[in-house]
Peer 1: 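Got a structure here, written out as structure tokens. Questions coming.
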Number of protein chains: 2
Amino acid sequence: MLDTAPQTYTRADEAFDCLQTAIVKGDLAPGDKIGELDLCSRFDLTRGPLREALGRLESRGLLVRRPHAGVRVVSLSTTELVELYRIREIMEGLAARQAAERMTDQEIADLQATLDAHETMIDEAHGQAYYQAEGDYDFHHRIATGSRNTKLAQMLLGDLYYMVRMYRYRLSTSAGRPHRALGEHRRIVEAIAQRDGELAEFLMKRHINAARENIEKKIQEGVLTI
Amino acid sequence: MLDTAPQTYTRADEAFDCLQTAIVKGDLAPGDKIGELDLCSRFDLTRGPLREALGRLESRGLLVRRPHAGVRVVSLSTTELVELYRIREIMEGLAARQAAERMTDQEIADLQATLDAHETMIDEAHGQAYYQAEGDYDFHHRIATGSRNTKLAQMLLGDLYYMVRMYRYRLSTSAGRPHRALGEHRRIVEAIAQRDGELAEFLMKRHINAARENIEKKIQEGVLTI
DNA sequence: AAAGCCCGGATTGTTGACAATCCCGCGAGT
DNA sequence: ACTCGCGGGATTGTCAACAATCCGGGCTTT
């Protein structure tokens, strides 16, 4: 047999995925105290694998656990959310630079095609910010893996993105930003296509910085309450 | 009773700490395949808490696990080790900048005192690189926490440092570097004391960059074989 | 009346046994 | 002789019961 790929999928992995998506989608809101038995019945699991999954999620910072006192979904303060974007800024900047140096021509072509798809999606669905959010995630995902930096991709994809997405559904990317963000994406890809790592890094950092300022503005306006 | 502090220390935490230090100290070498029962008897644990700890360590990237096939200590390639330093460079740079903006005067004074202690330690123990390594860890540790950036500190202290320390004992910080490194530390602290975040970031990035070049040189010389 | 203490109930942490899966050495076939 | 397939054995994944610890309501006390 030549199915070297999927190995097997253990119950703990299942529990991990279920919980992670539940947290990201907002089914488990930040600050919620969640009982182990509740989770077991909800996802049809037993406590063994569940506890292993809880350990992993705690280690990634999505859950906080106090011994004998239960486990809660992490609740970021506004300053912590902003700090998260400061980290994203530098890490994605590095990813963009290394992606410009290392992505294959095929990967770059795919990336451009992805942006085209996003553009039609945005044009078709006015204000349907959901697709934009998913598209944005896809874009950053490809660059992270394109960096060929294992640990960097792991930290971005495994830690930061889930935490960002968990808070993003609340502010439902503001009206004007999708078009502007798409333009920024385009210019980043251009820099990558020209193998200009320095420029790609600069543009990516500015892109994330703009997103951060957007969020800070919303917080100050009181639109975004955490 | 007013012992609000230590809560309780669960067996899984114990397992986690034991394994982590065993990996960092080299008792469990990279690439080793480790059986669960071996670990249980070695640390006097049972498999439940152990598996939870394994999950956490896997999530942090210190272990790799294949379902039904056992768990191995992660083994970094030379390029992955170098990439790790690229990540450290930008993250510690950010930490230094934010530390310059946010550390208290008391913390800065303590940091300077720490450096004085390191200096006497280095002078006393010629070539005893171990203390230098620990001192270096202490220095970076203080700056990470001084950044007041929760997630950043968590990523540095929880993920990157353990991985770096795990490989550091092999190259036993080269002869000339301790003094030079101490000088670099001193200048970083000066910048922090003057609240010059930009300079602190620049100096820290250059400091880590030098460490990376040092390692790359060793690898090319064939001294450091992974 | 407000604050502090204590106890019962529920939840978490831990354990040992059971079932499913993979690795390794052996034999058969080419 | 080398490759391929196949059990036996060991190891991992999973489960359900046991023990330890924390939270909330009622009571006493000042």
Peer 1: Rounding to an integer number of Å, can you tell me how far B:Leu39 CG sits from D:dT12 C1'?
Peer 2: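 Roughly 13 Å, once rounded to whole Å.
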Peer 1: Taking B:Arg102 first and then A:Glu83, would you say they form a salt bridge - that is, a charged N and a carboxylate O separated by under 4.0 Å?
Peer 2: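 Judged by the 4.0 Å cut-off on N to carboxylate O distance, B:Arg102 and A:Glu83 do form a salt bridge.
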Peer 1: Quick one: on DNA chain D, does A:Ala69 or A:Ala12 contact a more 5' nucleotide (nearest heavy atom)?
Peer 2: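 Taking each residue's closest nucleotide, the earlier one in sequence belongs to A:Ala12.
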Peer 1: Can you find a side chain N or O atom of A:Arg51 that sits less than 4.0 Å from OP1 or OP2 on C:dT12?
Peer 2: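 For C:dT12, OP1/OP2 do not have a side-chain N/O of A:Arg51 under 4.0 Å.
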Peer 1: Return yes when atom CG of A:Asp116 has more than 12 non-hydrogen atoms of other residues, nucleotides or ligands closer than 6.0 Å, and no otherwise.
Peer 2: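 Yes, the 6.0 Å shell around CG holds more than 12 heavy atoms from other groups.
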Peer 1: If the cut-off is 4.0 Å, is A:Arg11 near the phosphate of C:dA20, judged by side-chain N/O to OP1 or OP2?
Peer 2: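 For C:dA20, neither OP1 nor OP2 has a side-chain N or O of A:Arg11 closer than 4.0 Å.
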Peer 1: Looking at B:Asp17, is its backbone amide N or carbonyl O close enough to the side chain of B:Thr21 to form a donor-acceptor pair, meaning the two atoms are under 3.5 Å apart?
Peer 2: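 Present.
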Peer 1: Check whether the side chains of A:Gln106 and A:Asp110 place a donor and an acceptor atom closer than 3.5 Å, and report yes or no.
Peer 2: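 Distance-only check passes for A:Gln106 and A:Asp110.
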Peer 1: Quiz question: by atom type and distance under 3.5 Å, do the side chains of A:His118 and A:Asp136 form a donor-acceptor pair?
Peer 2: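 No, no side-chain donor-acceptor pair sits under 3.5 Å.
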Peer 1: Compare side-chain N and O positions of A:Thr10 against OP1 and OP2 of D:dT12 and report whether any pair is under 4.0 Å apart.
Peer 2: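 So the side-chain polar atoms of A:Thr10 never come under 4.0 Å of the phosphate oxygens OP1 or OP2 of D:dT12.
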Peer 1: Using the 3.5 Å cut-off, write out each protein N or O paired with an N or O of nucleotides 17-19 of chain C and the distance between them.
Peer 2:
none

Peer 1: Output one line per pair: protein atom, nucleotide atom from nucleotides 5-11 of chain D, and distance, for all N/O pairs under 3.5 Å.
Peer 2:
none

Peer 1: Return the orientation label for the A:Tyr161 and A:Tyr137 ring planes: parallel under 30°, perpendicular over 60°, tilted otherwise.
Peer 2: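 If you compare the ring of A:Tyr161 with that of A:Tyr137, the planes turn out perpendicular.
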